[in-house]
Amino acid sequence: MTAALALDPQRQRFYARSVLEVARDLIGVTLRHGDTAGRIVEVEAYHECEPACHAYTGPTPRTEPLFGPPGRLYVYRSYGIHSLVNFVTNVEGVGAAVLIRALEPVAGLETMRRRRGVESDRELCSGPGKLTVALGIGLELNGARVDGGALQLDPPPGSRERPSLVADGRIGITKATDLPWRFCLSESRWLSRSAPTR
DNA sequence: CATGGGATTGACT
DNA sequence: GTCAATCCCATGC
């Protein structure tokens with residue numbers, strides 16, 4: 001795996017699709033940062049066409065990365081406290097991204113416990129603000145490439161069989177709550193909240 | 001320039 | 001179940 005591979009057009013094309021497709025295809029992929037890694041088990045899709053999306057009102061200084069090229073990160077500060085990480089999708093000029101909401105910890109659990117200040121494995125990455133702390137992802141990665149830079153994805157997304165998913169409404173928002181754009185790995189015990197059985 | 005509001009979490013009743 | 005922390009920035013006067 002060379003640095004050049006990170007720029008592989010195939011890799012870029014993965015993110016240059018509908019945010020819903022990308023969201024579903026990210027479930028089951030392992031996200032690595034340094035010596036910590038977790039398997040993505042819960043995500044949410046956001047698109048500029050609906051009011052819960054930060055891109056809804058058009059580009060602003062904060063949301064500029066959302067409108068940038070696909071395959072980049074949009075990291076923002078929530079409630080003045082937490083860093084939340086998104087994968088930018090679609091094409092440049094369209095604001096759409098996948099919020100990473102929960103991981104199953106798979107490597108570097110001691111580092112995660114130290115960063116999070118908790119012992120329970122289930123508490124390490126079971127929320128969008130928790131997992132960024134556990135993996136050491138901060139605002140300095142805003143606009144950085146999703147893969148091939150500080151972060152690595154394994155296996156390369158889209159290269160494997162799809163696991164069984166459950167979809168329901170997004171969490172923690174007040175608008176467009178009816179859209180079933182939250183996707184969870186079926187029967188995962190690592191979610192931020194339990195998903196409906198389907 | 002002043003104000004209000006979060007794509008959350010953890011502590012507490 | 002309730003609620004505060006905390007700050008960037010979008011919005012409106």
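First the proteins, then the strands, lettered A, B, ... as listed; each starts at 1.
Comparing dA7(B), dT9(B), dG10(B) against the side chain of Pro128(A) picks out dT9(B) as the nearest.
We find that CG of Leu99(A) is positioned 8 Å from P of dT8(B), with the value rounded to whole Å. For the pair Glu42(A) CD and dT8(B) P, the computed distance is 10 Å after rounding to whole Å. The nearest whole Å value for the distance from the NE2 atom in His47(A) to the C1' atom in dA7(B) is 16 Å. Atom C1' of nucleotide dT9(B) and atom CZ of Arg122(A) are separated by 16 Å, given to the nearest angstrom. When rounded to the nearest whole Å, the span between NZ of Lys130(A) and P of dA11(B) equals 11 Å. Atom NE2 of His54(A) and atom C1' of dT8(B) are 12 Å apart (whole Å). Computed from coordinates, the His82(A) NE2 to dT8(B) P distance equals 9 Å when rounded to whole Å. We find that CD1 of Ile171(A) is positioned 13 Å from P of dA7(B), with the value rounded to whole Å.
In this structure, Val118(A) and Tyr74(A) both approach DNA chain B, and ranking their closest nucleotides by distance from the 5' end singles out Tyr74(A).
Within the nucleic acid shown, Ile81(A) comes within 4.0 Å of at least one base atom, counting heavy atoms only. If you check every strand for non-hydrogen atoms under 4.0 Å, Leu84(A) touches sugar and phosphate atoms only. At a threshold of 4.0 angstrom between heavy atoms, the contacts of Arg62(A) are confined to the sugar-phosphate backbone, with no base atom among them. Within 4.0 Å of Arg182(A), counting heavy atoms only, lies no atom of the nucleic acid at all. Residue contacts for Thr57(A): at a heavy-atom cut-off of 4.0 Å it reaches the sugar-phosphate backbone alone, with no base atom in range.
A salt bridge links Asp25(A) to Arg162(A): at least one charged side-chain nitrogen sits closer than 4.0 Å to a carboxylate oxygen.
Taking a heavy-atom distance under 4.0 Å as the criterion, the stretch of DNA chain C touched by chain A extends 5' to 3' from dA5(C) to dT11(C).
Within the structure, a side-chain polar atom (N or O) of Arg116(A) is placed less than 4.0 Å from OP1 or OP2 of dG10(B). For the pair Arg101(A) and dT8(B), the criterion of a side-chain N or O lying under 4.0 Å from OP1 or OP2 is met.
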DNA chain B in dot-bracket form (Watson-Crick or G-U pairs under 3.5 Å, [ ] crossing, | inter-strand) is ||||||.|||||.
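Taking CD of Glu42(A) as the reference point, atom CG of Leu131(A) lies at 9.5 Å (rounded to 0.5 Å). Rounded to the nearest 0.5 Å, atoms CG (Leu109(A)) and OG1 (Thr36(A)) are 9.5 Å apart.
Val98(A) is listed as a side-chain neighbour of Val19(A), based on a closest heavy-atom distance under 4.5 Å. Between Phe183(A) and Glu44(A) the shortest side-chain heavy-atom distance does not fall below 4.5 Å. Looking at heavy atoms from C-beta onward, Ile27(A) lies in side-chain contact with Val43(A) at the 4.5 angstrom threshold.
Seen from the ring of Phe14(A), Arg17(A) counts as a face-on cation partner, given the 6.0 Å and 45° thresholds. Seen from the ring of Tyr15(A), Arg72(A) does not count as a face-on cation partner, given the 6.0 Å and 45° thresholds.
To the nearest whole angstrom, the two P atoms, one in dT6(C) and one in dA2(B), are 22 Å apart. Rounded to a whole angstrom, the distance from the C1' atom of dA7(B) to that of dG1(C) is 23 Å.
For His54(A) and Tyr76(A), the distance between ring centers is under 6.0 angstrom.
No side-chain donor-acceptor contact under 3.5 Å links Arg39(A) to the backbone of Val29(A).
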